[in-house]
Amino acid sequence: MASLSPSRNLLGAYDTGGYFDEMFERPGKPRPHYAKIFEQLAGMIPAQFEERRQSADLSFLVQGITFTVYSDGQGTERLFPFDLIPRIIPNSEWQRIDRGLSQRVIALNLFLQDVYGKQRIFADRQIPRSLVYSCRHFHREAIGIEVPRGIHTHICGIDLVRDSKTGELVVLEDNVRTPSGISYVLENRLVMMRTFPDAFQSYEVLPVNHYPAELLRILRSISSRGDDDTQIVLLTPGIYNSAYFEHSFLAQQMGIELVEGRDLLVDGGFVFMKTIHGLKQVDVIYRRVDDEFLDSLTFRPDSILGIPGLMAAYRAGNVALANAVGNGAADDKAIYAYVPTFIRYYLGEEPILKNVDTYLCSKSDDLSYVIEHLHELVVKSVGESGGYGMLIGPAADRKRLQEFKERIKADPRNYIAQPVVPLSRVPSYDSGPGTVYGRHVDLRPYCLYDGEKVTIVPGGLTRVALQPGSLVVNSSQGGGSKDTWVLFGEN
């Protein structure tokens, strides 16, 4: 074991802080699957690590790997912060995650099939019809549409957190509309292999680079023509979207056209792409445009991001969309509370992965409890994402608590509350003092569903709250990411 003095040892002064630490069983004692990288990090001084960090940042800069922050009012484009100390998951733990996520994705798909079809779940009183119908992302316009192969949830990003109190991984939320972040998973791995090759080569890490090929296979499978002439496009809102890098990256990786709404039109119930050789029929649209902006004739009449008449072509079965329209009914944060019910109802199984305990402010008893204990809870707006519309009660001042009380009372359906989950931490490098500190993390694995099986990229995006003490990991709120290594074995 390396024995440099604490003043020179990169990990010498590391403090687990009383949280579940992914690397350490206890101070100074690494978990077995972290032992090899601990040896390497313990033998480095901050200057050596800083050199590699700068190399990684340069690599991201050269490749244009950025995201856009809208909260500053300027649409600032920034590098996505990347921390070189990876999160490592032994294979046995990953197998349980894989089974739990597969179960969840299939149940969510069955729920969406049902609520836009026969609606058996309402007749059997498993979830209130009013809760689903009042969801702003539930679209009556999609009722009765028979989606290709019955797949609504082609691509899902399910957020997991580890509760420091129990050490258990639980589901924090589901993202089944247009989940983003997979490009960072793929690029993080490439950058890690270039800048920290000695650490990477000391492990057998499961690959992630098959994701674009698997996604392309699924997109081809939902084409009604099903031949070599199948035309697939990726529909982006454009260069000012925060995830535009990812849109262009995935289109390039899959070898499909990257288009905006103005590049497409509907004629005779079919969708066509404008090309220099004339119109070309489009069979499948991997859309990264939200439902409300897809078709100005059906949804928002002021939208210029979509294609007028698209929903008519979709309903007629002349074009396939991934993900399906109306999926927001499944990732509404109030409906999230019922996913364990979906698993039992549709699959006849017990959930492998638990939910975080959730209070629905639309229920009078829950509302009373939330108002009384607001200072102890995390409150979320059911339709928001990216860390927006959220209150962390223990960190809020009296004025903000009162403001949220009024918001909740005025629109209780729009809010849920949960206990503060003490997220696990992973050692993360702070370039200012040149020291490693524990920072809270979550994990977003990416799941692809072809109607028969769920394929999950080993690992996913580990997001890290780089601000000291923060539990908010979203990039828009100052978060960054880590490479996630799922091992072939246990260590």
Side-chain angles (χ1 to χ4, degrees), residues 2 4 7-14 22-23 30 34-69 76-88 181-209 211 243-246 248-249 252-253 425-439 441 457-468 473 475 478-487:
L4 294 179
S7 62
R8 299 291 291 165
N9 184 340
L10 191 66
L11 294 170
Y14 184 76
E22 300 286 339
M23 179 182 283
Y34 266 101
K36 291 181 224 176
I37 198 166
F38 171 79
E39 287 281 352
Q40 295 183 45
L41 292 172
M44 296 178 71
I45 59 174
Q48 293 172 311
F49 194 87
E50 173 66 18
E51 183 179 356
R52 300 195 189 204
R53 187 198 66 80
Q54 291 181 9
S55 175
D57 280 356
L58 180 61
S59 183
F60 278 103
L61 181 65
V62 168
Q63 295 178 74
I65 304 172
T66 62
F67 71 99
T68 306
V69 176
T76 305
E77 195 167 338
R78 298 179 183 170
L79 283 179
F80 194 40
F82 176 63
D83 189 81
L84 273 174
I85 301 176
R87 184 203 197 129
I88 303 177
I182 186 63
S183 61
Y184 301 119
V185 174
L186 303 179
E187 289 292 349
N188 285 355
R189 178 60 53 83
L190 292 175
V191 170
M192 193 74 182
M193 292 170 69
R194 283 196 294 266
T195 58
F196 218 159
D198 41 352
F200 190 84
Q201 290 169 10
S202 64
Y203 287 91
E204 287 187 88
V205 182
L206 294 178
V208 297
N209 59 358
Y211 179 92
Y244 183 74
F245 163 76
E246 175 158 298
S248 58
F249 173 85
Q252 186 272 329
Q253 290 288 308
R425 303 203 306 189
V426 178
S428 304
Y429 180 73
D430 188 329
S431 60
T435 306
V436 173
Y437 297 101
R439 294 289 185 259
V441 294
V457 175
L461 184 64
T462 288
R463 299 183 299 178
V464 53
L466 293 174
Q467 303 303 314
V473 299
S475 58
S481 72
K482 291 174 173 285
D483 194 12
T484 309
W485 297 358
V486 174
L487 303 183

Revision key, fill the gap. For Val486 and Gly459, the nearest pair of non-hydrogen atoms, with its separation, is CG2-N, 3.2 Å
Review point. Under the 3.5 angstrom rule, does the side chain of Tyr429 hit a backbone N or O of Leu10 as a donor-acceptor pair?
Key: no
Practice item. Of all the heavy-atom pairs spanning Val185 and Leu461, show the shortest one and how long it is. Key: CG2-N, 3.5 Å
Review point. Mind checking whether Trp485 and Phe200 have parallel, tilted or perpendicular rings, split at 30° and 60°?
Key: perpendicular
Exercise for review: Only pairs at least two apart or in different chains count here, so list each salt bridge (Lys or Arg N to Asp or Glu O under 4.0 Å) that has a residue in residues 181-197.
Suggested key: Arg189-Asp483
Exercise for review: Grab the two heavy atoms, one from Val436 and one from Pro427, that are nearest each other, plus how far apart they are.
Suggested key: CG1-CB, 3.5 Å
Review point. What's the shortest heavy-atom distance between Ala42 and Leu11, and which atoms?
Key: N-CD1, 4.2 Å
Review point. Angle class for the Phe196/Phe49 ring planes (parallel below 30°, perpendicular above 60°, tilted otherwise)?
Key: perpendicular
Check your understanding: Considering only heavy atoms from C-beta outward, does the side chain of Met192 approach that of Pro197 to under 4.5 Å?
Key -> no
Check your understanding: If you round to the nearest 0.5 Å, how far is OH of Tyr184 from CZ of Phe245?
Key -> 7.0 Å
Practice item. Show your working on side-chain contact (heavy atoms from CB on, under 4.5 Å) between Met23 and Leu41 and close with a plain yes or no. Key: CA-CA 12 Å; Met23 179 182 283; Leu41 292 172; 4.0 Å; yes
Review point. For the side chain of Arg439 and the backbone of Leu466, is there at least one donor-acceptor N/O pair under 3.5 Å apart?
Key: yes
Review point. Which pairs pass salt bridge (Lys or Arg N to Asp or Glu O under 4.0 Å) with one or both residues in residues 40-65, sequence neighbours excluded?
Key: Glu50-Arg53, Arg52-Asp198, Arg53-Asp57
Check your understanding: Sub-3.5 Å donor-acceptor pair from the side chain of Ser428 to the main-chain atoms of Val426, do we have one?
Key -> yes
Review point. Do side-chain atoms of Glu246 reach the backbone of Ser183 as a donor and acceptor pair under 3.5 angstrom?
Key: yes
Revision key, fill the gap. side-chain hydrogen bond (donor to acceptor under 3.5 Å, both in side chains) filter on Gln40, not counting sequence neighbours, yields Ser202
**Study point:** Minimum side-chain heavy-atom gap Val441-Val464 below 4.5 Å
**Key:** yes
**Study point:** Ring centers of Phe38, Tyr34 separated by less than 6.0 Å
**Key:** no
Check your understanding: Does the side chain of Phe82 reach to within under 4.5 Å of the side chain of Asn188, using non-hydrogen atoms?
Key -> yes
Check your understanding: Are side-chain heavy atoms of Leu186 and Val208 found at a separation under 4.5 Å?
Key -> yes
Review point. Do Glu22 and Ile88 have side-chain heavy atoms sitting under 4.5 Å apart?
Key: no
Check your understanding: Does any non-hydrogen side-chain atom of Phe249 lie less than 4.5 Å from one of Ile182?
Key -> no
Check your understanding: Just checking, any donor-acceptor pair under 3.5 angstrom between side chains of Thr195 and Ser55?
Key -> no
Check your understanding: Nearest heavy-atom pair of Gly460 and Thr484: which atoms, and what distance?
Key -> O-OG1, 3.0 Å
